[in-house]
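Numbers here simply count residues along the sequence, with the first being 1. Whatever order the structure lists them in is the order used to number ligands and atoms, beginning at 1.
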Amino acid sequence: MDGMDDRGRQEVRVLVFAASLREDSTNSRLARIAATALELLGATIDYATMREFDSPSYDQDVEDSEGIPAGAAELRRRLEAADAFVIASPEYNAAMPGMLKNSIDWASPFRPQPFNGRHCMLLSASPSMVGGNRGLWSLRVPLEHLGARVYPDMFSLAQAPAQLTADGQLASQEVHERLVTTLSSFLDIVEATRHYPCARKAWVEFLGEQPSPATSRAE
Ligand SMILES: Cc1cc2nc3c(=O)[nH]c(=O)nc-3n(C[C@H](O)[C@H](O)[C@H](O)COP(=O)(O)O)c2cc1C
C-alpha cells in the first residue's frame, strides 16, 4: 500500500522534544529513548530541542509591534510538519516549566492554530517518587484548551537519575517495555486518525462562542 513501511505501518510523523534547556537533562534523555522507540515502531521522527522553541516572555506589545518571535514560529513550523508530538517535561513546583507554557502561549495566536487536532503524548522524568506526573496534569490544560488530542496514558519516570544508565537507556527492562507499549498504542491512534479520518473536532476558543464558518478553526 502506498506510504506503508515494511512493518505495515502507514507514515506517521512525530515531533519529539524535551522541555528542559539544560545540557544533562533527564527529560531530554527520556525524549531520546522515546524517539528511538517510536522510530522502531515505524514512525518518522523529528527530534527538536527546547532551545529551538524558547522565546522571550510573552508581551502583547511586542506581538503587536514586532510579531511572534522566531522560537515560537519554529515551534509552529515543526508542529505543522508533524501528525503528532511528544513532550518530555520536567515538573517545576508541581506544574509545567514556565518557558514551556510561554512557548505554547506565543505559538497559539498563529492561524491555523497549530496545536488544534494534533495528537500528543506526555512524558516526564524527575528525581522524585512521582516522576513529575503532577506537572503533566497541568500541561494537559492549555494543550486540551487548544484542541490537542492529549493521549490519556502518560509516562512518568520516577527517580530518573538512577533509572537512566550512562549510555542513555532505561535501567529497568520492565519500565522500558511499559514505555514502548504506551508509545505503540499512542501511535496506533495517530495512524488511524491520520489515514482513516472518521471524526473531526471543532476548536472553540471562548465559552459561548458558537461554531460557525466565521468562528470555526477546525481546519
Ligand atoms: C524551580 C524548580 C522547581 C522544581 N519543582 C519540582 C517539583 O515540583 N517536583 C519534582 O519532582 N521536581 C521538581 N524539581 C526538580 C526537577 O524535577 C529536576 O531538576 C529535574 O532534573 C529537571 O528536569 P531535567 O533533568 O530534564 O532538567 C524542580 C526543579 C526546579 C529547578
Just grab all the ring-ring contact (aromatic ring centres under 6.0 Å, His included) pairs involving residues 32-77, residues at least two apart or on different chains.
Phe17-Phe53, Tyr58-Trp106

Give, for atom CG of Asp83 and atom OG1 of Thr193, the distance between the pair rounded to the nearest 0.5 Å.
9.5 Å

Side-chain donor-acceptor pair present, Thr165, Asp167, cut-off under 3.5 Å
yes

Linking Ile, Leu, Val, Met, Phe, Trp and Tyr by side-chain heavy atoms under 4.5 Å, what else ends up with Tyr92?
none

Would you please test Arg77 and Glu74 for salt bridge (Lys or Arg N to Asp or Glu O under 4.0 Å) and show each step?
CA-CA 5 Å; Arg77 190 181 71 78; Glu74 180 65 5; 2.9 Å; yes

By chain and number, the residues contacting ligand 1 below 4.0 angstrom (heavy atoms only) are Ser20, Arg22, Ser25, Thr26, Asn27, Pro90, Glu91, Tyr92, Asn93, Ala94, Ser126, Pro127, Ser128, Arg134

Residues 123-132 side chain polar contacts: donor-acceptor under 3.5 Å, at least two apart:
from	atom 1	to	atom 2	distance (Å)
Ser124	OG	Gly131	O	2.6
Ser124	OG	Ser156	OG	2.8
Ser126	OG	Ser128	N	2.9
Ser126	OG	Ser128	OG	3.1
Ser128	OG	Val130	N	3.0
Ser128	OG	Gly131	N	3.1

